[in-house]
Amino acid sequence: MNSWINLNALWKIVVIGLLAGAGLPALFAVGLRALSPRGGASGSADPGGSAEASAEAQPDLLQKVAAGICFLAVLAAMGWGVYSIVHNS
């Protein structure tokens, strides 16, 4: 093993970087997708929108809970990062 490169620390940095750099934005996107309407393109056929079409396009409770969990996980990771920076410096 090379004495200049600590491979154990390197793989830990790469894994954390991938999780924080790609995982958190992907989790946020999953939360946004859970909140998006399921009725196809919104407003393309009927610009005025009827009450039935808008009621069908709303996410149900399970989708809202899933989105909330995704958003809370992202906020928790952000809070943990700020906490780590403040208390370790």
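Hydrogens, waters and symmetry mates play no part in the numbers below; they use all other heavy atoms, side chains included.
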Measure the spacing between CG of L61 and CD of Q63 and express it to the nearest 0.5 Å. 9.5 Å
What heavy-atom pair brings [X] and [Y] nearest, and what distance separates the two atoms?
{"X": "G31", "Y": "C70", "answer": "CA-CB, 3.9 Å"}
{"X": "A20", "Y": "P25", "answer": "O-CD, 3.7 Å"}
{"X": "A34", "Y": "P59", "answer": "O-CB, 3.8 Å"}

Side chain to side chain donor-acceptor pair (under 3.5 Å) filter on W4, not counting sequence neighbours, yields none
Per side chain to side chain contact (heavy atoms under 4.5 Å, CB included), W11 is matched among L7, V15, I13, V14 by V15
Crowded around F71 CZ? As in, over 12 foreign heavy atoms under 6.0 Å? yes
Please answer: with hydrophobic residues joined when any side-chain heavy atoms are less than 4.5 Å apart, are V30 and V74 in the same cluster? no
I'd like to know if L27 and L32 are part of one continuous hydrophobic network [Ile/Leu/Val/Met/Phe/Trp/Tyr, side-chain heavy atoms within less than 4.5 Å]. yes
Is there side-chain contact between Y83 and N88, with heavy atoms separated by less than 4.5 Å? no
